[in-house]
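Below is one structure, written out as structure tokens; comments come after it.
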Amino acid sequence: MVKLSKEITFEIEPIPPYSFELTIRKPAGWPLFTPLEIYDKGIIWTAAHIHGLLTGIKLESRGTTEQPKMAAALFLKNVPKQELLEGIMRCLIHDLAADEDLAEFYELARRDCILRHAVVDLYGMHSTSPSTIFPDAALAILLQMTTLKRSNEMMNCLIRRYGEVADFDGKKIPVWPLPKRIAKIEAPDLAKACNLGYRARHMANLAQKLTSEAFPSMEELERLEPEEAKRRLLELPGIGDYSADIINPHGGFPIDAWSADVFGRLFFGEEPKDRRKAIEGIKREGLRRWGKWSWMAFLYVVQDLEKLSMKLGMELRLE
DNA sequence: GCGTCCAGGTCTACC
DNA sequence: GGTAGACCTGGACGC
């Protein structure tokens, strides 16, 4: 447990449209920074490592989708130097996608027969992202070759057992462990502790690679060309095409066996007979159709399956 | 009960 | 360069 008693408050004014509720709490239940964060009556308490410091984060909307404004409070162990503090604030604003302009995507979406419905249903929803590579990479590994139920069990175990707990503002939030913590654990011990199976080897190797070598940070990956960022991500153990598309800060079109059903129906009118074999073709069609906005399109579709099913007259589901 | 199959991919050996 | 097979584990399914 790490007591974070130093509080710094500031205000964030996102680029409109920005829906606080849809962005912070995705309809499909995707968390902001950790699956164990707390959301209650329009306020979220979450935590993450930002610029190497465990940071408690409290956010509350003070505006509307058209005139968005957020009250933000950071909780830290000690008050950092001004330069570092400003870096943490900038990073949080970027992670919350408050600096993201949706205008170009919405222009494309309104001319697209699938997306035009989703952008109405989810007006003002943005794509948030973590500041570090490990949480998304670890999640991607835990999603491989198993059920969603077991993925969640493995993820919660990893966080509760090896992650720190941020204690601030009367809340206790467990966060993703740092790779340097996981790198010290032998793969068989990791497998036994959290029932990771063969994924433990990937997890241990991933943590070691991220700590022992000068691997680019998320910020540095974002400065690279999208293809180059993906090429670097594919160097990570246990990270293949699908996982790299989840992690890539430039976005990708991460089609797995389940989303192949959804996008197969949307693009070609039917679910593929062989999901794995169909992935490549579905991915190609998504990238052709939506280009650099493929990730945003993917996000809007998977977050809007229920309403899209009704509007398009087809059953779309992810499980 | 018990055996078999397969799941929100990736890696490796083999051709 | 392409591809089959292995990989932990546990729930679903058929018998």
Side-chain angles (χ1 to χ4, degrees), chain A residues 26-31 35 127 130 133-159 161-162 176 179 182 185-210 215 230-248 251-267 271-287 294-295 297-306 308-309 315-319:
Chain A
K26 297 282 186 300
W30 295 8
S127 170
I133 293 170
F134 188 69
D136 268 4
L139 172 66
I141 288 174
L142 298 181
L143 283 172
Q144 294 166 14
M145 276 298 287
T146 189
T147 57
L148 205 51
K149 178 175 172 284
R150 187 168 165 221
S151 290
N152 284 326
E153 287 167 359
M154 291 187 282
M155 179 172 61
N156 285 336
C157 174
L158 204 66
I159 292 173
R161 196 167 180 120
Y162 302 111
W176 277 96
I182 301 299
I185 306 165
E186 296 292 332
D189 295 335
L190 207 51
K192 200 174 167 189
C194 287
N195 199 19
L196 298 193
Y198 76 92
R199 299 167 200 80
R201 193 166 23 93
H202 290 324
M203 192 68 70
N205 292 341
L206 168 73
Q208 280 159 18
K209 175 124 183 153
L210 288 175
F215 195 82
K230 181 159 178 177
R231 192 189 66 74
R232 295 305 309 268
L233 286 167
L234 288 171
E235 293 173 11
L236 295 173
I239 301 302
D241 188 75
Y242 165 74
S243 301
D245 276 353
I246 288 183
I247 308 164
N248 197 340
F253 199 58
I255 296 299
D256 57 24
W258 285 100
S259 50
D261 278 354
V262 169
F263 287 93
R265 295 201 83 165
L266 287 173
F267 293 158
E271 289 182 359
K273 290 181 179 60
D274 185 326
R275 290 166 165 172
R276 294 197 192 283
K277 281 185 182 161
I279 285 174
E280 201 181 325
I282 291 170
K283 191 163 177 143
R284 199 167 38 243
E285 173 59 14
L287 292 169
S294 294
W295 165 254
F298 176 89
L299 180 72
Y300 267 74
V301 168
V302 299
Q303 298 294 332
D304 195 37
L305 292 180
E306 203 176 321
L308 269 183
S309 295
E315 193 186 351
L316 302 168
R317 56 193 162 76
L318 272 179
E319 55 180 329

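Only this structure's heavy atoms are used, side chains among them; waters, hydrogens and symmetry mates stay out. Throughout, a chain's letter reflects where its sequence line sits, starting with A, and its residues are numbered from 1.
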| Is A/I141 touching bases, backbone alone, or none of the nucleic acid, heavy atoms closer than 4.0 Å? | nothing

| message | Using atom P in both nucleotides, what's the gap between B/dC2 and C/dC8 to the nearest angstrom? | response | 25 Å

| query | Using a cut-off of 4.0 Å on non-hydrogen atoms, how would the nucleic acid contact of A/S243 be classed: base, sugar-phosphate, or nothing? | reply | sugar-phosphate

| said: For a quick test of reading the model: is some side-chain N or O of A/N195 closer than 4.0 Å to OP1 or OP2 of C/dG10? | reply: yes

| Using 4.0 Å as the upper bound for N to carboxylate O, is an ion pair formed by A/D241 and A/K283? | yes

| query | Are A/E235 and A/R232 within salt-bridge range, i.e. N to O under 4.0 Å? | reply | yes

| query | Taking both distances under 3.5 Å as the test for a Watson-Crick or G-U pair, what stems of at least three pairs does DNA chain B have? | reply | B:1-7 with C:9-15, B:9-15 with C:1-7

| request: Counting heavy atoms from C-beta on, name the nucleotide in C/dC8, B/dG9, B/dC11 closest to the side chain of A/R201. | output: C/dC8

| query | Can you tell me how far C1' of B/dG9 sits from CE of A/M154, to the nearest Å? | reply | 12 Å

| request: Among the candidates C/dT9, B/dT10, C/dC7, find the nucleotide nearest to the side-chain atoms of A/M145. | output: C/dC7

| Reported NE2-to-NZ distance for the pair A/H202 and A/K209, which is rounded to 0.5 angstrom | 14.0 Å

| field | Length of the line joining A/Y198:OH and B/dT10:P, which is rounded to integer Å | value | 9 Å

| query | Hey, does A/F263 have a side-chain heavy atom less than 4.5 Å from the side chain of A/V302? | reply | yes

| field | Between P of C/dG10 and CZ of A/R199, the distance in whole Å | value | 11 Å

| To the nearest Å, how far apart are A/D274 CG and C/dA4 C1'? | 13 Å

| Could you go step by step and tell me if A/Q144 and A/S243 meet the side chain to side chain donor-acceptor pair (under 3.5 Å) rule? | CA-CA 9 Å; A/Q144 294 166 14; A/S243 301; 3.2 Å; yes

| query | To the nearest Å, how far apart are A/K283 NZ and B/dG9 C1'? | reply | 12 Å

| Gap between atoms CG and C1', on A/D245 and B/dG9 respectively (whole Å) | 13 Å

| What does A/P254 touch in the nucleic acid at a heavy-atom separation under 4.0 angstrom: a base, only the sugar-phosphate, or nothing? | nothing

| field | Contact check, side chains of A/Y242 and A/I279, non-hydrogen atoms, under 4.5 Å | value | no

| query | What does A/R276 touch in the nucleic acid at a heavy-atom separation under 4.0 angstrom: a base, only the sugar-phosphate, or nothing? | reply | base

| task | Rounded to the nearest angstrom, tell me the gap between atom CG in A/L196 and atom C1' in C/dT9. | result | 11 Å

| said: Using only modelled atom types and a 3.5 angstrom limit, is any donor from either the side chain of A/R150 or the base of C/dC8 paired with an acceptor on the other? | reply: yes

| said: Please classify the nucleic acid contact of A/L236 as base, sugar-phosphate, or nothing, using heavy-atom distances under 4.0 Å. | reply: sugar-phosphate

| task | Could you pick out which residue, A/R275 or A/L234, lies toward the 5' side of DNA chain B when each is mapped onto its nearest nucleotide? | result | A/R275

| query | Looking only at atom types and distance, does a side-chain atom of A/R199 sit under 3.5 Å from a main-chain N or O of A/L196, one as donor and one as acceptor? | reply | yes

| Rounded to whole angstrom units, what separation is found between the CD atom of A/E153 and the P atom of C/dT9? | 13 Å

